[in-house]
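The next block holds one structure in the form of C-alpha cells; read it before the comments.
Residue numbers begin at 1 in each chain, while the letters A, B, ... track the order of the sequences.
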Amino acid sequence: MPELPEVETTRRGLAPHVEGRRVAAVVLRRPDLRWPIPPDIAERLPGQRIDAVRRRAKYLLLDTAAGSALLHLGMSGSLRVLPAGAPVRPHDHFDIALAAPGRGGGRVLRFNDPRRFGCLLWQPAGETHPLLRGLGPEPLDDGFGGTAPGGTTFDGDYLFARSRGRRAPVKTFLMDQRTVVGVGNIYAAEALFAAGISPLRAAGKVSRERYRLLADAVRRILGQAIDRGGTTLRDFLAPDGAPGYFVQELSAYGRGGAPCPNCGRPLKQAQVGQRATVWCGHCQR
DNA sequence: CCAGTCCCCTGGCCGC
DNA sequence: TGCGGCCAGGGGACTG
C-alpha cells in the first residue's frame with residue numbers, strides 16, 4: 001500500500017531527522033528481503049553523512065558521498081525514527097543508527113516490514129541502479145521535477161501519445177511504472193473514478209481529452225493524499241508513528257458493493273490485471 | 001515490444 | 001478454540 005503519497009510522507013518525516021547526520025552503524029537482523037541486503041552496506045554506510053533524502057517513484061534514496069542507500073517499502077514496510085535503544089519488535093529487519101549531533105542520545109532509523117517485499121540496496125555514487133532505469137515520469141512537480149530522464153512531462157498529451165495501440169486495460173497501463181511512477185492500486189482506482197473512466201477500457205481507446213482529465217486527477221489525488229499523510233489501511237505509518245488519513249476520502253478503492261458517492265448505485269468489483277478493482281458502472285465509461 | 005501469468009511473504013479474516 | 005483457505009498487493013521474471 002505504500003504508493004507515492006506514503007513514500008513521500010515517509011521522506012518528509014525522515015528528512016529533518018536524517019539530513020546532515022552521520023551514520024553510526026547499520027544493524028541487519030533479517031537480510032532476506034525482496035532481494036538480499038548486500039552485506040557490505042554495513043561497511044559502506046557507517047561514517048558517511050546523509051546529505052539528502054530523496055524519492056524517485058516509490059523508492060527512497062539516502063544520499064551520501066560514497067553512494068546512496070536505496071529503499072523500497074514494498075507492500076507492508078514502514079520506516080520510523082526512534083530513540084536509540086527502542087525495543088526491537090517483530091519484523092524490524094534493519095536499523096540505520098544515526099550519530100548524535102551533540103549531547104543527548106542518538107536516533108535510529110528502523111525498517112519494519114511483515115511481508116518482506118521491501119528492499120535495501122546500494123547505488124554507488126554516479127551510477128543509476130538498474131531498478132531505477134526505465135521508470136516513467138514523476139506525476140508531481142516535486143522529487144525529480146515531474147520529468148523522467150529524457151525530459152518527458154507527465155500530462156494528458158503524454159498519456160494519450162503513449163497509450164496509442166495499447167489493448168491492455170487503462171488501469172493496468174496507469175499502474176505500469178514505465179508509464180508514470182507512484183500510482184498503485186489504490187490511487188489508480190481513485191483517479192479513474194475521479195476522471196469518469198472505466199478501468200476496463202482499453203488504454204488505446206481513451207481520448208486525449210479524457211487523458212487530460214485523468215492526468216489532472218492523478219496529480220490532484222496524489223497531492224491531497226500527501227496532504228493527509230497518506231493512506232493507512234493496515235501497516236503504513238509515518239516515521240513519527242502517525243497513520244495517514246486519506247483512507248476517509250477514498251471513493252472507490254475497497255468499497256465494492258457500497259454506494260457510488262456520485263450516483264448511489266452499488267460500485268462494481270472485479271479483477272483487472274490480477275488486482276482487485278472497484279468502479280462505478282454508471283459514472284465511469 | 002506487448003500482454004498475461006506467476007511468484008515472493010505474512011497477517012487478518014472467514015467459514016467450518 | 002483451532003485450523004485450513006483465501007486475500008491483499010509492488011513489481012520482477014518469465015512465457016507466449
Item to complete: Indicate whether OP1 or OP2 belonging to B:dG11 is found under 4.0 Å from a side-chain N or O atom of A:Arg115.
Response: no
Would you tell me if any nitrogen or oxygen in the side chain of A:Arg166 comes within less than 4.0 Å of OP1 or OP2 on B:dC2?
-> yes
I'd like to know if the side chain of A:Tyr187 pairs up with that of A:Thr231 as donor and acceptor (distance under 3.5 Å, no hydrogens or angles considered).
yes
- Message: Any donor-acceptor pair under 3.5 Å linking the side-chain atoms of A:Arg107 with those of A:His17?
- Response: yes
Encoded 5' to 3' (Watson-Crick or G-U under 3.5 Å; [ ] crossing; | other strand), DNA chain B becomes .|||||||||||||||
ring-ring contact (aromatic ring centres under 6.0 Å, His included) filter on A:Phe111, not counting sequence neighbours, yields A:Phe94
[Y]/[X] salt bridge by N-O under 4.0 Å criterion:
{"X": "A:Arg228", "Y": "A:Glu249", "answer": "yes"}
{"X": "A:Asp113", "Y": "A:Arg115", "answer": "no"}
{"X": "A:Asp157", "Y": "A:Arg208", "answer": "yes"}

Calculate the interatomic distance between [X] atom [atom1] and [N] atom [atom2]; express it in whole Å.
{"X": "A:Phe117", "N": "B:dT10", "atom1": "CZ", "atom2": "C1'", "answer": "8 Å"}
{"X": "A:Arg167", "N": "B:dC1", "atom1": "CZ", "atom2": "P", "answer": "16 Å"}
{"X": "A:Arg178", "N": "B:dC1", "atom1": "CZ", "atom2": "P", "answer": "9 Å"}
{"X": "A:Asn112", "N": "B:dG11", "atom1": "CG", "atom2": "P", "answer": "10 Å"}
{"X": "A:Asp176", "N": "B:dC2", "atom1": "CG", "atom2": "C1'", "answer": "10 Å"}
{"X": "A:Leu174", "N": "C:dG10", "atom1": "CG", "atom2": "C1'", "answer": "15 Å"}
{"X": "A:Leu70", "N": "C:dG10", "atom1": "CG", "atom2": "P", "answer": "18 Å"}
{"X": "A:Tyr187", "N": "C:dA8", "atom1": "OH", "atom2": "C1'", "answer": "16 Å"}

Check: Should the pair A:Arg55 and A:Tyr59 be classed as cation-pi, given the thresholds of under 6.0 Å to the six-membered ring centre and 45° from the axis?
Finding: no
Between A:Gly165 and A:Pro114, the residue closer to the 5' end of DNA chain B by nearest nucleotide is A:Gly165
Of C:dA8, B:dC6, B:dC9, the nucleotide closest to the side chain of A:Gln271 is C:dA8
Closest of B:dC8, C:dA8, B:dT10 to the A:Arg30 side chain is B:dT10
Can you give me the N/O atom pairs linking the protein to nucleotides 11-14 of chain C at distances under 3.5 Å, or say none if there are none?
unit_1, atom_1, unit_2, atom_2, d
C:dG11, OP1, A:His72, NE2, 2.3
C:dG11, OP2, A:Lys58, NZ, 3.0
C:dG11, N7, A:Arg275, NH2, 3.2
C:dG12, OP1, A:Tyr59, OH, 3.4
C:dG12, O4', A:Arg34, NH2, 2.9

Taking every heavy atom of A:Pro46 against every heavy atom of A:Ala24, the minimum-distance pair comes out as CB-O, 3.9 Å
Value for CD (A:Glu138) from CD (A:Glu8), rounded to nearest 0.5 Å, stands at 9.0 Å
